[in-house]
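A short worksheet on the structure shown next.
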Amino acid sequence: MGTEGVSVLAQLERRAPLIDPGSLAGAASLRLPGRLESVRSARTFTRDTLAFWRLTEQFDPVGLVVSELVTNALRHGAEPHALQPGDSPVELELLCSSRRLVCAVHDRSTGEPRVNEAGFSDEGGRGLQLVECFSDGWGWRTRGSGLLGKVVWASFRLG
């Protein structure tokens with residue numbers, strides 16, 4: 001459950017302090033292969049992590065948001081042609097304090113995530129609309145320290 005590179009806290013600490021590093025109660029991360037089946041792995045990891053943190057009541061909204069963020073990262077940020085065997089183009093990071101839970105998904109794309117205005121009969125394009133509805137806020141930043149890509153995060157108030 002470790003993470004290589006720079007954590008989302010380190011990337012966001014000066015510009016958008018989502019969680020005070022001194023109040024961090026838990027952190028977990030999972031590298032995901034560039035396959036859509038990874039969404040299920042991300043949900044399972046999220047459910048297990050929230051259970052460990054005794055936050056099972058948060059799973060429905062958090063699990064949905066994680067699914068959407070990971071799906072978007074896999075569809076738009078994984079660049080399958082550039083992957084090597086065994087490569088993990090997406091990473092999920094969960095951070096918890098006494099007052100907030102943050103889900104962050106790292107991918108290799110530098111493209112800005114956008115909320116689409118999907119119509120009622122459209123089959124897709126509602127991912128970030130759902131993230132907006134089910135989280136207390138979301139945002140994104142390019143990755144720092146010379147790392148390629150971006151991190152998209154969503155936060156949830158606890159308690």
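Bear in mind the structure is a predicted one, so any value in this text is a computation, not a measurement.
- When every heavy atom of A104 is checked against every heavy atom of V151, the shortest pair comes out as CB-CG2, 3.7 Å.
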Where do T46 and C103 land on the side-chain contact (heavy atoms from CB on, under 4.5 Å) test, with the steps shown first?
CA-CA 9 Å; T46 300; C103 307; 5.8 Å; no

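- Atom OG in S41 sits 7.0 Å away from atom CG in L30 (nearest 0.5 Å).
- Listed here is the closest heavy atom pair of W53 and A27: CZ2-N, 3.5 Å.
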side-chain contact (heavy atoms from CB on, under 4.5 Å), that's the test. Do V152 and N72 meet it? Break it down for me.
CA-CA 10 Å; V152 181; N72 284 350; over 6 Å; no

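- Side-chain contact check for C96 versus L158: some heavy-atom pair is nearer than 4.5 Å.
- The CG atom of L130 sits 10.5 Å away from atom OG1 of T71, with the distance rounded to the nearest 0.5 Å.
- Atom CZ of R141 is separated from atom NZ of K150 by 14.0 Å, given to the nearest 0.5 angstrom.
- Here the side chains of L128 and L69 are in contact, with some heavy-atom distance below 4.5 Å.
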Given the rule in the side-chain contact (heavy atoms from CB on, under 4.5 Å) test, do V90 and S38 qualify, once you have shown the distances and angles that lead to the verdict?
CA-CA 9 Å; V90 174; S38 293; over 6 Å; no

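- The distance from the CG atom of L36 to the CZ atom of R75 is 6.0 Å, given to the nearest 0.5 Å.
- If you take CH2 on W138 and SG on C133, they are separated by 12.0 Å, rounding to the nearest 0.5 Å.
- Within the 3.5 Å criterion, the main-chain N or O of L148 finds no donor-acceptor partner in the side chain of R108.
- Annotation: side chain of L101 is in contact with side chain of L50 (closest heavy-atom distance under 4.5 Å).
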V131 vs V65, test: side-chain contact (heavy atoms from CB on, under 4.5 Å). Steps then yes/no.
CA-CA 5 Å; V131 171; V65 166; 4.2 Å; yes

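- Looking at heavy atoms from C-beta onward, W153 lies out of side-chain contact with E93 at the 4.5 angstrom threshold.
- With hydrogens and angles disregarded, no donor-acceptor distance shorter than 3.5 Å links the side chain of S155 to the backbone of D136.
- Separating the CG atom in D107 from the CZ atom in R143 is a distance of 8.5 Å, to the nearest 0.5 Å.
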